[in-house]
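Notes follow once the structure below has been shown.
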Amino acid sequence: MPLQQDSLARRAACFGLLAAASSGPGQTYFIGLFGAFMRQDFALSDAALGVIYGIATLASGVLMFWLGALADRVALRRAISLAVFLVVAGCVLVAFAAGPLSLCVGLFLLRLGGQGLAGHFAIVAAARHSGIRRGRGVATATLGFLLGEALYPLLVIAALEVADWRTVWLLAALMLLIAFVPALRYLASRLPLPDPSTAPGHTEDDVDWNRRKLAVSAPFLSILGVVLVPGFVVTAVFFHQAPLAERLGWALPAVAQAFILYAVCQGIATLFVGRLVDRRSARTLVPVYLLPLAAGLLALLVAPPSIALWLTFAGLGAAAGSNSVIGGAIWIEVFGSRKLGLVRGMYAAIMVTMTAFSPVLLGILLSGGASLAAIFLPVIAYAVIAPILLAPLTHQRHEVRNAKPPS
């Protein structure tokens, strides 16, 4: 790799790591730590809180259909500033929420700025500027998510020992403003928008991609059928970690410790799969990378609860780590880099939208008394079978790309 490109790739990876870490307060695992306090203060059931969270997430997902393309046409410094300031505003609004409505608005800002925009800009920057080391670049950026998942739960639990839950949200806002915003703006200023004619992965026809063509593209839809699964499952499990812990007899401190194992497994899988993607391609890994998720959920059903906690978090972590790299790298393999923000923005929008429904669905099932086997066995079957059936479609690269735009 030329020296200039290598320097650009390193900057992009550092930016991606920090931007991903800044998304933490908008991620499900962070918000879920405050679920019991929110239910108590606002007199909400598991299902009601899930609905509020789902509405906020759904609204943010809808906006991502359009805002994701900011990565293609707006300076990254401005884009990441917008994302982080939305998270800060969400933290403050949640801290001062007086009822379910203001709580919903605060959660909307957290989800849009955190899981939506900050995470999106992190991965797009790493994938776009890493050249032939795209897998490792995306893997490095993904470590920011892992650091958050490993550290934030422990920090939140420690902070809750000395402060009320609303104050913790204000501390999170202060941390973002002081520690993250200046560093992110500095790094982003050194990552210009690429020249479309020279961007890595550029092809003559990737300028023609638009939302309507993507919506009927067999490769796009088949990729979605696989890469959406880990986020859908992990979001639901993490958001409802408290009722699941009650049903299975898990102590909440043990669950917090299990997040460390989750992050370690996610990190190992991220780095390992990042190198595999560079050696082969993301598409070749599609048929098998959901197997750890299936194994983790199976352990939840058949293993003793004390062991199931660790096996489940390990399996979910390995699947999430693999998904973070494959879900970041596969789009540029199939669709090129010029419209990467638009393409991955649509994916992010659909992903966020799907994660809006999973806590609602799991909350309804748990409140209705459904058994864990009835909830998770269909998911296990899908994770094993669907990737094998959908993998061949991810290679149908030119069928829609060379077609005329819809009238």
Side-chain angles (χ1 to χ4, degrees), residues 17-18 20-40 46 49-50 53 57 87 90-91 94-95 106-107 110-111 114-115 118-119 142-176 179-180 230-231 233-246 248-270 296 300 305-306 308-321 324 355 358-359 362:
L17 187 149
L18 197 61
S22 74
S23 74
Q27 300 286 357
T28 301
Y29 69 84
F30 192 101
I31 298 171
L33 293 168
F34 298 88
F37 301 104
M38 293 174 180
R39 286 192 295 269
Q40 180 178 354
D46 290 333
L49 182 58
Y53 180 82
T57 302
V87 179
C91 290
V94 168
L107 292 176
L110 288 169
R111 299 297 279 164
Q115 186 193 33
T142 301
L143 291 178
F145 297 114
L146 310 190
L147 289 173
E149 290 163 357
L151 297 178
Y152 285 140
L154 296 177
L155 292 175
V156 167
I157 289 176
L160 288 172
E161 294 291 330
V162 296
D164 66 272
W165 71 275
R166 294 176 184 268
T167 301
V168 176
W169 280 105
L170 292 177
L171 292 174
L174 189 63
M175 172 194 68
L176 290 172
F180 283 91
V233 174
V234 171
T235 297
V237 171
F238 283 5
F239 187 81
H240 291 291
Q241 57 186 269
L244 285 173
E246 292 174 5
L248 291 164
W250 295 341
L252 287 181
V255 174
Q257 293 169 4
F259 273 107
I260 300 176
L261 176 63
Y262 171 89
V264 169
C265 293
Q266 190 176 4
I268 293 172
T270 297
L300 188 70
S306 59
L309 171 64
W310 306 102
L311 294 179
T312 298
F313 272 65
L316 294 180
S324 63
T355 60
S358 62
L362 183 56

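Positions are given from 1, in the same order as the sequence printed here. Quick caveat, the model's predicted, so the values are computed rather than measured.
- Within the model, atoms OG1 of Thr28 and CD of Gln241 stand 10.0 Å from one another, a figure rounded to the nearest 0.5 Å.
- Annotation: the span from Leu170 atom CG to Met175 atom CE amounts to 12.5 Å, rounded to 0.5 Å.
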Return all side-chain donor-acceptor pairs below 3.5 angstrom for residues 33-40, not counting sequence neighbours, or 'none' if the list is empty.
unit_1 : atom_1 : unit_2 : atom_2 : d
Arg39  : NE     : Asp46  : OD1    : 3.2
Arg39  : NH1    : Asp46  : OD1    : 3.3

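- The two residues Ala118 and Ser23 come nearest to each other via the heavy atoms CB-CB, 3.9 Å.
- The side-chain heavy atoms of Tyr152 and Gln27, taken from C-beta on, include no pair separated by under 4.5 Å.
- The minimum heavy-atom distance linking Thr270 with Ser324 is given by the pair OG1-OG, 3.6 Å.
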Could you pull out all donor-acceptor pairs under 3.5 Å where a side-chain atom in residues 248-268 meets a protein atom, sequence neighbours excluded?
unit_1 : atom_1 : unit_2 : atom_2 : d
Trp250 : NE1    : Pro305 : O      : 2.9

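- Separating the CG atom in Leu143 from the CG atom in Leu18 is a distance of 12.5 Å, to the nearest 0.5 Å.
- Within the 4.5 Å cutoff, side-chain heavy atoms of Leu17 are placed close to those of Leu147.
- Listed by first and then second residue, the salt bridge (charged side-chain N to carboxylate O under 4.0 Å, His left out) pairs involving residues 162-176 are Asp41-Arg166 (not counting sequence neighbours).
- Between the side chain of Tyr29 and the backbone N or O of Val234, no donor-acceptor pair lies under 3.5 Å.
- Atom CG in Leu171 sits 11.0 Å away from atom CG in Leu176 (nearest 0.5 Å).
- A heavy-atom distance below 4.5 Å is not found between the side chains of Val87 and Ser22.
- Taking CD1 of Ile31 as the reference point, atom OG1 of Thr235 lies at 10.0 Å (rounded to 0.5 Å).
- Of all heavy-atom pairs spanning Phe239 and Gly50, the tightest one is CE2-CA, 3.9 Å.
- For Thr312 against Gly296, the heavy-atom pair with the smallest separation is OG1-O, 3.1 Å.
- Remark: Ser358 OG to Tyr53 OH distance equals 7.5 Å, nearest 0.5 Å.
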